Amino acid sequence: MHADDSNMDGATPSDSVEVGATVDAARRTLLIGAVATSAVVSIRPALAQTAGSVLNCQIPVPERGKGMYIDPTGKLVTPDTPGAFPPSPRDFTGEEVRKALQGSNLPGATREQSQAYLNYIRKLQNGQSGFTCYASLQMPRR
């Protein structure tokens with residue numbers, strides 16, 4: 001035995017480096033787990049809040065200031081178009097649209113108006129007022 005061999009269990013200096021690396025890896029794993037748990041705890045309330053805001057978001061039918069009517073297929077047409085419906089006097093909430101998509105009428109609208117308005121809403125595209133609200137209604141819920 002050499003004088004500098006103070007380790008009596010037969011471990012070499014390289015063994016202690018491996019043990020140190022293993023301990024560091026375990027610490028990193030625990031830290032990552034703690035961060036992930038924290039993220040889940042903080043994201044769940046945000047998702048619940050998002051679900052509530054989707055039901056309260058607004059969809060104008062049609063966008064304000066266009067001066068257009070809506071035909072039964074949901075297309076914007078001039079007010080003198082036969083069979084076309086006037087714009088809704090108020091915006092619809094996400095909750096109202098969700099219920100109408102399941103078969104009920106939109107508030108203050110006849111069955112035919114509701115169908116025309118829903119056809120218009122289904123055709124909304126990115127950049128139009130109400131698109132984000134409608135797109136949020138289409139996302140699956142858990």
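In this text, all values refer to a predicted model and were calculated from it rather than measured experimentally.
The nearest pair of heavy atoms linking Thr73 to Asn119 is O-CB, 3.3 Å. Nearest approach of Pro72 to Gly83, heavy atoms of both residues: CD-O, 3.6 Å. The two residues Arg122 and Leu101 make their nearest non-hydrogen contact at NH2-CD2, 3.5 Å. In this structure, Pro62 and Ile70 approach most closely via the heavy-atom pair CD-CD1, 3.9 Å. Annotation for Ala116 and Asp71: closest pair CB-O, 3.5 Å, computed over non-hydrogen atoms.
Residues forming a salt bridge (charged side-chain N to carboxylate O under 4.0 Å, His left out) with Lys123 (at least two apart in sequence, or on another chain): none.
When atom types are taken as modelled, the side chain of Gln115 and the backbone of Glu112 share no donor-acceptor pair closer than 3.5 angstrom.
With a 4.5 Å cut-off on side-chain heavy atoms, Gln113 and Pro86 count as touching. Looking at heavy atoms from C-beta onward, Pro60 lies out of side-chain contact with Arg90 at the 4.5 angstrom threshold.
Here the straight-line distance linking atom OG1 of Thr81 with atom OH of Tyr69 works out to 10.0 Å at 0.5 Å rounding. Atom CZ of Arg111 is separated from atom CG of Leu106 by 9.5 Å, given to the nearest 0.5 angstrom. With rounding to the nearest 0.5 angstrom, the CD1 atom of Ile59 is 6.5 Å from the CG atom of Leu124. Separation of atoms NZ (Lys75) and CE (Met68) is listed at 9.5 Å; rounding is to 0.5 Å.
Under the ring pair (Phe, Tyr, Trp, His ring centres under 6.0 Å) criterion, the residue pairs touching residues 98-124 are Phe92-Tyr117, with sequence neighbours excluded.
Hydrophobic clustering (side-chain heavy atoms under 4.5 Å, transitive across Ile, Leu, Val, Met, Phe, Trp, Tyr) keeps Ile121 apart from Val77.
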May I have the list of side-chain donor-acceptor pairs in residues 125-133 shorter than 3.5 Å, sequence neighbours left out?
residue: Gln128; atom: OE1; partner: Gln125; partner atom: N; Å: 2.6
residue: Ser129; atom: OG; partner: Glu63; partner atom: OE1; Å: 3.4

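Ion pairing between Glu95 and Arg98 holds under the 4.0 Å rule for side-chain N and carboxylate O.
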